Structure formats: structure tokens, C-alpha cells
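Computed from a predicted structure; not experimentally measured. Numbering starts at 1 and runs along the sequence shown.
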Amino acid sequence: MALKITSGCVNCWACEPLCPSAAIEPASPHFRIDPAACSECAGEYADPQCASICPIEGAIVDASGAALNPPGSLTGIPPSLLEQTRARIQAR
């Protein structure tokens with residue numbers, strides 16, 4: 001039972017002080033979560049605190065690899081619209 005920080009992490013330091021288990025640590029090239037220490041905030045909070053503060057979609061995933069803040073969840077931009085816009089920009 002542990003979360004993982006992906007390469008999408010921008011090292012903003014928002015999550016590290018919020019972790020009640022002190023499971024988040026600076027690492028290179030991005031922060032990492034110590035799986036032995038991570039409790040996913042079970043029994044302490046309704047949602048994992050790292051994901052509740054993380055400003056990057058897809059930067060924190062659960063054990064199955066599912067993003068806790070999936071694409072579009074923070075920006076409100078549907079992933080399909082984002083891809084269409086990127087394709088139009090690249091076509092120019």
C-alpha cells in the first residue's frame with residue numbers, strides 16, 4: 001500500500017511537508033515516496049494529502065498505476081480537447 005511520484009513531478013515541495021507519515025523525500029530527478037512509510041493517509045485523512053496539494057496532473061499514482069489527479073482533473077480541460085489543440089499547434 002504505497003503511492004508513487006512519477007517523472008511528471010516538478011519538485012515544487014508542496015507535498016513533502018503535508019505527508020503525515022514523513023514518507024516523501026527529495027530525490028533525483030524528482031521526489032519519491034518511501035513505500036515502507038507510506039500509509040496513503042488511511043485512517044488519518046479521507047484523501048492522500050500529497051495528491052490533495054499536488055498541482056501536477058498524473059504526478060502521483062497508486063499501486064495500480066492510476067493517477068490520483070488524472071488528466072483534466074485539475075485544469076478542467078478534457079484530455080481529448082487538449083490533444084486536438086496540441087495537434088493543431090504542431091501542424092502549423
Would you say the side chain of Trp13 lies within less than 4.5 Å of the side chain of Pro26, judging by non-hydrogen atoms? yes
Closer than 3.5 angstrom, by distance alone: can the side chain of Asn11 be matched with the main-chain N or O of Phe31 as a donor-acceptor pair? yes
Sidechain-backbone polar pair: Ser7 side chain, His30 backbone, donor-acceptor under 3.5 Å: no
Can a donor-acceptor pair be found, under 3.5 Å and without considering hydrogens, that links the side chain of Asn69 to the backbone of Ala59? no
Salt bridge (Lys or Arg N to Asp or Glu O under 4.0 Å): pairs with one or both residues in residues 43-59, sequence neighbours excluded: none
Would you check, one step at a time, whether the test side-chain contact (heavy atoms from CB on, under 4.5 Å) holds for Ile5 with Ile24? CA-CA 9 Å; Ile5 298 176; Ile24 300 174; 4.2 Å; yes
Are the side chain of Thr6 and the backbone of Gly8 linked by a donor-acceptor contact shorter than 3.5 Å? yes
side-chain hydrogen bond (donor to acceptor under 3.5 Å, both in side chains) with Ser64: which residues, sequence neighbours excluded? Asp62
Interatomic distance, Gln90 atom CD to Thr85 atom OG1 [nearest 0.5 angstrom]: 11.0 Å
Pro35 and Cys38, any side-chain heavy atoms less than 4.5 Å apart: no
Could you grab the distance from atom OG of Ser39 to atom CG of Leu3, nearest 0.5 Å is fine? 8.5 Å
Would you check if Glu16 and Glu25 make a side-chain contact, meaning some heavy-atom pair closer than 4.5 Å? no
The criterion is side-chain contact (heavy atoms from CB on, under 4.5 Å); which residues satisfy it with Arg86, sequence neighbours excluded? Leu82, Glu83
